[in-house]
Each structure stands twice: as C-alpha cells, then as structure tokens.
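Step one of this worksheet: look at the structure below.
Numbers restart at 1 for each chain; the letters A, B, ... are given by sequence-line order, proteins then strands. Bear in mind the structure is a predicted one, so any value in this text is a computation, not a measurement.
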Protein chains: 2
Amino acid sequence: MIPNAGSTSADLHELAQRHHTAYRSVGAMVYGLLQEAILSGTLRPGQKLRQETLAEQIGVSRLPVRSALIQLESDGLVEFHDRRGATVRSISPDQAREVYRIRALLEVDALKQSMKRSSPERVKRLRELAKAADGQHEGPEFVEARTQFYAELYDAEHNPITWEMIEQLRLKMGRYVLGWRVVGGSHTHSHEDLVDAFASGDATKASALLRKHLAEVLKGVLSWLDAEATGTD
Amino acid sequence: MIPNAGSTSADLHELAQRHHTAYRSVGAMVYGLLQEAILSGTLRPGQKLRQETLAEQIGVSRLPVRSALIQLESDGLVEFHDRRGATVRSISPDQAREVYRIRALLEVDALKQSMKRSSPERVKRLRELAKAADGQHEGPEFVEARTQFYAELYDAEHNPITWEMIEQLRLKMGRYVLGWRVVGGSHTHSHEDLVDAFASGDATKASALLRKHLAEVLKGVLSWLDAEATGTD
DNA sequence: TTCTTGAATTCTGGATCCAGAATCCAATCT
DNA sequence: AGATTGGATTCTGGATCCAGAATTCAAGAA
C-alpha cells in the first residue's frame, strides 16, 4: 500500500491512528501529529521532510502538510531551505544553554508574579497537578501533564504572553528533554518540591529551587545532545 | 478594475507596487506586505481579513495569502476564528504592560551579555546605526534602522534565540509604537544615549537607561491605545 | 579514470477547482 | 408585528493539477 515502508513510516502510521480522533481541521490534526512525531523522536533532527511522503503516510493531501510545516517553522521545530524542502531543526549546545538562560529569567519572574496571587485553592490544585505530572514519565501524557502543572504554577491565566513565551521555549527543547528522560534522567519528583516552595511563600527560596531544577534539566539535555552526536546514528 | 475600491484597497495597492521587487517566493512577498500593512495601520485591529479580497487586491491567488496569514498568526499579529476567517489582532492595555515587562527582563539581560563583548569596533558601528535610526522617524525604513541598531546592541549574532524572542515582542507592539511615534511621540535621540551608556561600560547605568526608555515607550503606547479606543472610529 | 556538462526526474510552490460550514435574508407562523 | 425556521449565498478549508527550479545520474571529453 505504502511505497517505502521504513520504521519511520510505520511509527507515523501508528500515530495517525490515534490522531484521527475529532480535530476541527485536518491541518490542525497534521500539526499535532507532526509535533508529536518530532518531540517523540520518530522524526529525527536533520531529517528531510518531503511533503508528498508525509502526506501519503498520514493519509491526507499535501496542502494541510504545508500549513502544518509553516506553523512548525514558526515554532522553531522545523527549518525551511528556500526551494529545497524542510528538515527537522537540530539545536547546538550553545543554543540549548541560551534557551535555559532565558527560561530562568522568564520563569523566575513568572513564578514571583504568580506567588503574589497565591491562595489555598491554587496550592491545592497545584498539588494535584504535580502528583499527576510526577506519575507520568513518558509520552504525550507526560507533556500534557507537565504543561498543565506549569500553566497553573506560572498563572498562565493572568500572564498569557509570558506563558506563551515559556511554552515556546519549552517546545523548542521538548524533543531533547523527552529523550533524556527516557534513558533515565532525573525522576526526583521535583514538581512536588516546587509546590512546597510555592506554598511556603518564600519567593527567594522558590526561585532558587526553580533555577536549580532548570540547571539540572539543562545538564541532562546537554549530555543527551552529546550522546546523540557521538553515539546512535 | 477593483470591485470595492475603498481607501484600504488603494493603500494595499500602493504597498503592492513596492513589494513587487524581487522576493524569493510569492508567499514571502505577501507575508512582508501584510506585515507592513498591519504595522502601518493600513489594516486596523479587529478588521476582518477575507482571503479572496486580499488575494485580488495584491494580485495573487488565495494560497500564498493563506500561508502568510498562518505565519502572521504565529507572530501574534492576526487571529484565526475557527471557520469564520481571520482578523487583525488587537491588544489590551494589560497585555501591553506584560509585553514591556518581559522586554525589560530580556533586553536588560541581553544588554549585559552584550556589553561583556564590547569592543571599539562595535561601539563605532553602534554609533553609526544609532545615527541612522535617529534620522528615520517613520515608515518601514524606521523599523529597519531600529532593528539593525538593536541587533548590534544586543549582539544578535551571539544570542540568536534571545534576539528572536525580543524581535517577536517588538513585532507584537510595532503597530502601536508606530502609531504613537507618528502623532508626536518621543524624539529624544535615545539611541545615541544608549550607545554612550554602552561605551561607558557601566552595566548598571546602561540597564537603568534602557528600562527608562522602555517605560517611556510603554507610556506612549498606552496613551495611543486609549486614544484609539475612544477617539478615531 | 575523473571531471564536467547536460538532460531527465523529482520535488517544491502556485493556481484553479470543489465540498462543507456559516451567515444572512426572506417568508411564514404565532 | 415580531420571531423563528428554512433556504440561498458566501467564504473557508481541502484536493487535484500545473509550472518552475534543483538535484542527480549518465555520458562524453580531458
């Protein structure tokens, strides 16, 4: 049925099954599908993304694929090469360091802002979300759980633009964080620790913990980048 | 020739003339054109963007228009309403304040990083760019001159991701900054002052000046937002 | 044998065409 | 007279088709 059935093709097909559930538009479906494929590593950094091949594997026309690729370019997950197609964007160690430096800036600020609006209800909700996030260690459920937790932690409701920026940066690194996690990265239940610091009301302490957490993840990502560059492939 | 020739249509046509100069793709041309149209106020916040009308006015098919709109959505300049088309995105005073709070964070950090790499050559180049930026007070040349100046000031070369974030935020507010400038905002040659602070090597002083500058622009933008909400229209 | 050049194939980007959903208007019923 | 419902029109989103550019492969010459 499908011309070149490699392992990538098989994986994409499996993803397509789950993503066939109610989406408002085909373009949105393809976008979500490709994003997950990149984040999960099914599509590797540097890999060429031929529109027609992707369209056939997913089972749609090339047009929604194009739309999705354009969006993914804005997200920084894929790269367009003038008239030579698109590739999965890879990241350099220097860029990873830069991302985590900016994230520290934004997230520490967001956390401080958010803690000003602390309330028993929010702490309760945070505990629940933290538990859920610490329970999931892989797959799109992990991404989703973490996202919900941080949305509450940083009060996305009241700081939509800050949240948007943070999400963007998290998305850029998502592929590497996931890879590192899977091979046995930190499972130190840091989310619940963060909630404790949040609940204590001590902004300095919470900021320090957050910084430490980010530094640890950066370390993991860097080691994963190194392993990927030398090891597999 | 053109069905509904309002003032918007005429303005878009004029823009199209200048944008017919060598672009690599039609989509990129439409993107640049629409971006300028939004930033210059030819397309007003809240205005409906019908794909076919735009396509006809620019003189291309609907497809590159769609591509451009998708990109502009990611830029935060337009908003998609499920199956009901796209509109020019407007911004609330609260969001404006948020943007400038984040910009202060990012830009002060970027400036400090950049000042570590200060050199006589960079200071010289900054002075030239500042002069050029202070010489232009409107239109796309003003935007371009300012962009080049800040790219050098923040050392975009060595901090590409930080620069990307800053550019994104500047773009979000561009329409309002331009509007405010045109009606007689600050022309205090602040660019050259910034270069002086940069050259002095005093990071604290430079940061304070930058913050002050951003606060002033925010004030102008807020007043412009207020005037736009109550006055014209 | 290797490098260069040209032709053929392939793939992106654009245009036209088609189907489905939403809005708007009119007609009818209360 | 006003409201509600049905139909017609309009506009978005998707699919197929076409043209132009780039890469690759092969053949010929150095």
Pairing residues for Ala55(B) by the side chain to side chain contact (heavy atoms under 4.5 Å, CB included) criterion, not counting sequence neighbours: Arg62(B), Val65(B)
Between the protein and nucleotides 19-24 of chain D, list every N/O to N/O distance that falls short of 3.5 Å.
unit_1, atom_1, unit_2, atom_2, d
dT23(D), OP1, Arg84(A), NE, 3.2
dT23(D), OP1, Arg84(A), NH1, 3.4

Salt bridge (charged side-chain N to carboxylate O under 4.0 Å, His left out) assessment of Asp94(B) paired with Arg97(B): CA-CA 5 Å; Asp94(B) 273 349; Arg97(B) 274 183 271 266; 3.6 Å; yes
Gap between atoms CD and P, on Glu52(A) and dG13(C) respectively (whole Å): 13 Å
Atom-to-atom span, CD1 of Ile58(B) to C1' of dG14(C) - whole angstrom: 14 Å
Test item: Arg83(B) and Arg24(A) side chains (from C-beta on) under 4.5 Å apart, heavy atoms: no
Passing option when Met173(A) is tested against Val217(A), Leu39(A), Ile91(A) for side chain to side chain contact (heavy atoms under 4.5 Å, CB included): Ile91(A)
So which protein nitrogen or oxygen atoms get under 3.5 Å of nucleotides 15-18 of chain D's nitrogens or oxygens?
unit_1, atom_1, unit_2, atom_2, d
dA15(D), OP2, Ser61(A), N, 3.3
dA15(D), OP2, Ser61(A), OG, 3.3

Nearest-angstrom distance from the residue atom CZ of Arg50(B) to P of dT10(D): 10 Å
For Arg103(A), side-chain hydrogen bond (donor to acceptor under 3.5 Å, both in side chains) partners two or more places apart: Glu107(A)
Pairs where residues 145-173 of chain B contributes a residue and the test ring-ring contact (aromatic ring centres under 6.0 Å, His included) is met, not counting sequence neighbours: Phe149(B)-His191(B), Tyr150(B)-Tyr154(B), Tyr150(B)-His191(B)
Glu121(A)/Arg125(A) salt bridge by N-O under 4.0 Å criterion: no
Residues Lys172(B), Glu164(A): salt bridge by 4.0 Å N-O rule: yes
Counterpart residues, side chain to side chain contact (heavy atoms under 4.5 Å, CB included), relative to Glu144(B) (two or more places apart): Gln148(B)
Separation of dC11(D) P from Leu54(B) CG (nearest whole Å): 12 Å
Value in whole Å for how far the P atom of dG13(C) lies from OH of Tyr23(B): 17 Å
Any Gln51(A) side-chain N or O less than 4.0 Å from OP1/OP2 of dC11(C): no
Gap between atoms CD1 and C1', on Ile70(A) and dG13(C) respectively (whole Å): 10 Å
Separation of dG13(C) P from Arg24(B) CZ (nearest whole Å): 10 Å
